[in-house]
Amino acid sequence: MNFNHHLIDKKWQKYYEDNPVNQYSDEKPSLYYLVMFPYPSGKGLHVGHWRPYVICDVLTRRKILEGNYVMQPFGWDSFGLPAENYAVQTGVHPADTTRDSIKIFKTQVKDIGAAYDWDREISTADPEFYKWTQWIFIQMFKKGLAYEKDMHLNWCPACKVVLANEEAIGGECERCGTVTTKKQLRQWMLRITDYAEELLQGLEEMDWPVKVKKMQQEWIGKSFGAEIGFKVKDTDKVVTVFTTRADTLFGATFMVLSPEHDLAKAITTPGQREAVDKYCEEASSKSSIDRMAAKDKTGVFTGAYAVNPATGKDIPIWLADYVLADYGTGAIMAVPGHDARDFDFAKKYCLDIRRVIAENDNVDVNAAMQEAYIGDGRIVNSGFINNMNVKAAQDAVAEFLEENGVGRKTVNYKLRDWVFSRQRYWGEPIPLVHCDTCGVVPVPEEQLPVELPYVESYQPTDTGESPLARIESWVNTPCPACGAPGKRETNTMPNWAGSSWYYLRYADPKNHNEIVSSEAMRKWKCDFYLGGVEHAVIHLLYVRFYTKFLYDIGVLDYQEPFPRFFCNGMVNLNGKKMSKSKGNYVSPDDIIEKYGRDTLRLYILFIGPPEADSEWDDNGIDGVYRFMTRAWRLFSETAKNAKNTKETKELLYARNRLIKDVTDRLDSFSLNTVVSAFMEGINRLADIAKTGGVDQKTLETFVILFAPFAPNTASEMWELLGKNMDLYSQRWPECDEKALVLDEKTIVIQINGKVRENIIVTSTASKEEIVEAATAAAKGRFPADVPAKTIYVPGKLVNFVF
RNA sequence: GCCGAUGUGGCGGAAUUGGUAUACGCACACGACUCAAAAUCGUGCGGGAAACCAUGUGGGUUCGAGUCCCACCAUCGGCACCA
């Protein structure tokens with residue numbers, strides 16, 4: 001009987017469609033395994049998509065075979081720019097495009113044969129779903145977490161859309177790669193910074209890849225320092241700065257504000273007005289990439305002076321775009337002697353440079369400095385903190401600031417509030433109404449969802465308004481508070497909104513009255529989450545933020561959505577990320593046709609360590625396919641007589657070796673080597689089969705172990721063994737360690753640490769016997785009569801040292 | 001620049017707590033089967049004639065190092081004027 005993957009796939013795909021593997025029962029322990037849901041594009045899947053799905057399904061099925069019910073849901077992150085861009089070009093409504101895309105995706109996802117609970121399928125663009133996305137926003141609004149602000153924002157001139165910092169990494173639009181510029185717009189913001197500390201603390205106890213934790217830590221970017229107020233001379237204005245180097249306060253010889261700083265224009269003297277206006281104009285028109293790439297620092301003097309609270313001296317106030325508007329207070333005290341950037345700036349504009357730290361006693365503390373000194377040392381030229389070290393000086397300065405009411409110790413975060421509005425059509429409408437008398441009023445919860453209306457034109461506007469703004473019949477609505485004519489908010493939410501809480505909805509996807517029932521919430525907590533690195537910062541940070549908020553308002557009884565997260569590597573082709581739109585991909589459909597679904601599942605695992613990026617190799621899959629046919633052949637040749645075949649010591653060893661290798665490697669997440677273990681197992685059994693047969697129990701054990709990896713083939717093998725359709729009621733086998741002890745073992749003989757000989761001894765041989773045998777075997781190679789030392793490692797080696 | 005990771009055959013990659021480096025697979029070569037090819041099966045496959053030498057480079061610890069320590073080099077990823 002040949003291995004016919006077409007027949008096997010067809011038969012079992014159908015069977016499991018009608019008889020799902022994952023049967024819920026109150027009796028069984030429940031688990032919840034989740035893989036990141038995809039954005040359904042019309043182009044369909046490539047084999048790279050398979051990787052996380054296969055990995056998650058293998059782990060799920062293994063847990064099922066250990067007697068658990070594992071909820072493994074699937075859904076669609078279906079709002080997004082591609083559908084809208086397509087609509088702009090063709091006029092086809094994004095809802096139609098999305099529906100079609102989901103259909104294509106779903107067919108292809110089903111080919112993977114994962115044990116998904118399709119009953120729990122969700123789609124973020126479904127009004128029944130986004131009703132609750134809007135509901136969460138309203139709760140945030142009520143708690144003061146959502147607010148409006150004029151923002152200088154990253155703006156993509158091509159997409160005509162505002163981007164969050166996370167979407168404009170490196171100064172390029174994440175979607176289209178266009179260089180972004182800045183634009184000032186009124187935006188809805190979420191106060192994620194209120195949760196900065198919790199988001200940071202929460203990372204500690206989580207079972208996440210270290211690199212992902214590090215990335216989040218860095219993104220949150222906590223630093224300890226002080227806030228110091230500098231009085232602007234001859235005014236009542238104060239410029240506050242954040243610094244991590246309060247110890248260098250005596251060395252602050254000028255100040256720099258970012259060009260966007262609130263006080264920038266207000267403090268400018270008439271004489272400098274023209275120069276300042278010109279500079280600010282230039283700064284705002286520069287793209288962020290130019291601004292970052294600028295080697296030369298530029299700036300302009302405001303004409304104003306501030307008073308250094310420590311020295312009492314007047315110091316000039318400058319504007320420069322090397323100071324970031326949205327970090328700290330958007331202003332710095334410049335200490336050119338001890339900060340490289342300030343040093344460059346001071347050199348260029350001939351500003352005072354003053355040494356206040358000496359690295360050692362040989363330094364001439366009054367000599368001109370050649371470069372900024374960043375390190376620790378003894379404080380000099382600094383009044384009451386002289387001779388202290390850096391740390392002590394920081395404390396002393398903080399105390400001085402407190403006493404004089406001009407500053408205090410503080411912490412600062414890089415994390416910024418989340419720009420939450422998008423000037424787009426295909427997203428969740430922000431459920432607010434603007435009323436002349438009542439201000440901004442949330443849409444009452446019973447009126448949710450605020451559904452997206454059909455529009456004629458999806459073209460975004462250059463003014464930064466959403467296409468929704470053109471639909472008067474939708475925009476005009478009575479104020480929910482007073483009934484007077486009001487206007488709907490026309491901005492929509494960003495892509496991340498739905499994915500920031502979707503995991504929760506799977507617990508209770510059909511609940512019309514609540515976001516989730518408390519019973520379902522308690523029962524279904526995500527035990528395992530899996531997905532690609534590309535979402536390691538943004539998505540995972542936002543989900544954690546939403547979860548913490550939902551905890552705070554009493555919806556959840558836990559504060560972290562994903563205590564355990566695994567990050568899979570990408571599958572590359574020709575060294576580059578697979579991409580349908582760039583034509584650089586391998587289609588799973590072709591592979592399934594040629595080799596069958598299980599071969600692809602196995603190859604996707606075999607291709608490399610799951611956490612590493614791997615290169616797709618068409619030849620590699622042939623090897624896995626050969627293994628499948630070899631395994632199949634072994635079964636078809638031995639199954640018939642298996643019941644009459646005696647279990648030999650060799651078979652017992654082979655069986656337990658396989659159990660141990662598969663189980664251990666699965667536990668350590670080494671999925672590529674699990675496939676190797678199956679290959680070794682089949683090679684071993686095929687060897688044994690040459691002289692005898694393979695017993696029933698060994699073949700059954702193989703099938704049970706194989707079931708999570710190659711479900712269709714394993715099912716067919718199960719049937720071949722004369723079993724009923726009860727493969728998934730079986731229990732994961734346990735290894736009998738005794739069976740792994742062989743009668744004989746190989747002992748390595750080393751001389752001075754180098755391998756010289758092997759001897760085979762009985763497994764019961766004592767140390768003395770082994771050393772004696774080793775001496776006899778290696779004596780001829782001894783450089784002297786008697787070794788100075790003999791190292792014996794039990795059961796492994798003897799090392800003669802001379 | 002800072003942070004992190006990774007360097008092992010022609011290739012993808014294996015190697016419990018330091019204990020036979022190169023498992024498993026690909027590619028390749030030869031052989032069997034065949035009129036022939038494909039498929040399949042079998043054998044070989046780091047270098048070297050050998051002694052020996054080989055896990056990015058140079059040191060160190062150890063009876064023994066791919067594994068631990070120090071210093072470099074290279075590649076990849078993240079962040080990047082964060083005060």
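Convention: sequence-line order gives letters A, B, ...; per-chain numbering from 1. All values reported here derive from a predicted model rather than from experimental measurement.
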Quiz item: Cationic tip of A:Lys297 within the cone over A:Phe345's six-membered ring, i.e. under 6.0 Å and within 45° of the normal?
Solution: no
Self-check item: Of the listed nucleotides B:G25, B:C3, B:A23, the one nearest the side chain of A:Glu680
Solution: B:A23
Quiz item: What pattern of brackets, bars and dots sums up RNA chain B from 5' to 3', given Watson-Crick or G-U wobble pairs under 3.5 Å, [ ] for crossing pairs and | for another strand?
Solution: (((((((..(((......[....))).(((((.......))))).((....))..(((((..]....))))))))))))....
Quiz prompt | Gap between atoms NZ and P, on A:Lys297 and B:A83 respectively (whole Å) | solution = 14 Å
Practice problem: Give A:Asn683 one of three labels, base, sugar-phosphate or nothing, depending on what nucleic acid heavy atoms sit under 4.0 Å from its own. | Solution: sugar-phosphate
Quiz item: Expressed in angstrom and rounded to an integer, what is the separation of A:Arg626 atom CZ from B:C24 atom C1'?
Solution: 14 Å
Practice problem: Would you kindly give the CG-to-P distance between A:Asn799 and B:U62, to the nearest whole Å? | Solution: 15 Å
Quiz prompt | Residues in ring-ring contact (aromatic ring centres under 6.0 Å, His included) contact with A:Tyr327, at least two apart in sequence or another chain | solution = none
Exercise. Taking only the side-chain heavy atoms of A:Leu797 (C-beta and beyond), determine which of B:C41, B:C81, B:G19 contains the nearest atom.
Key: B:G19
Quiz item: For A:Asp339, which residues count as a side-chain contact (heavy atoms from CB on, under 4.5 Å) partner, sequence neighbours excluded?
Solution: A:Arg341, A:Asp342
Quiz item: B:C41 P sits how many Å from A:Lys690 NZ, rounded?
Solution: 10 Å
Quiz item: Just checking A:Val801: base, sugar-phosphate only, or nothing, at a heavy-atom cut-off of under 4.0 Å?
Solution: sugar-phosphate
Quiz prompt | Steps toward ring pair (Phe, Tyr, Trp, His ring centres under 6.0 Å) verdict (A:Trp616, A:Tyr603) | solution = CA-CA 9 Å; A:Trp616 177 271; A:Tyr603 180 60; 4.9 Å; yes
Quiz item: A:Tyr603 OH to B:C24 C1': how many Å, rounded?
Solution: 13 Å
Quiz item: Between atom CZ in A:Arg416 and atom P in B:A80, what is the gap in whole Å?
Solution: 8 Å
Practice problem: Using the test side-chain hydrogen bond (donor to acceptor under 3.5 Å, both in side chains), find all partners of A:Thr713 that sit at least two apart in sequence or belong to another chain. | Solution: A:Asp598
Exercise. Could I get the full list of ring-ring contact (aromatic ring centres under 6.0 Å, His included) partners for A:Phe678, not counting sequence neighbours?
Key: A:Phe702, A:Phe706, A:Phe709
Exercise. May I ask you to verify if any side-chain N or O of A:Ser223 is less than 4.0 angstrom from the OP1 or OP2 atom of B:A83?
Key: yes
Self-check item: Below 4.0 Å: OP1/OP2 of B:C3 and any side-chain N or O of A:Lys214
Solution: no
Quiz item: Whole-Å distance between B:U62 P and A:Asn752 CG?
Solution: 15 Å
Quiz item: Hey, does A:Val755 reach any base, or is it just sugar-phosphate, or nothing, if we go heavy atoms under 4.0 Å?
Solution: sugar-phosphate
Quiz prompt | Base orientation of B:G48, syn vs anti, 90° cut from 0 | solution = anti
Practice problem: For A:Asn619, answer base if it contacts any base atom (sugar-phosphate contacts may also be present), sugar-phosphate if it contacts only those atoms, and nothing otherwise; contact means non-hydrogen atoms under 4.0 Å. | Solution: sugar-phosphate
What are the atom names and distances for every N/O pair under 3.5 Å that joins the protein to nucleotides 10-14 of chain B?
residue: B:G12; atom: O2'; partner: A:Ile607; partner atom: O; Å: 3.0
residue: B:G13; atom: O3'; partner: A:Asn672; partner atom: ND2; Å: 3.4
residue: B:A14; atom: OP1; partner: A:Asn672; partner atom: ND2; Å: 3.1

Quiz prompt | N/O (side chain, A:Arg684) to phosphate O (OP1/OP2, B:A23) under 4.0 Å | solution = no
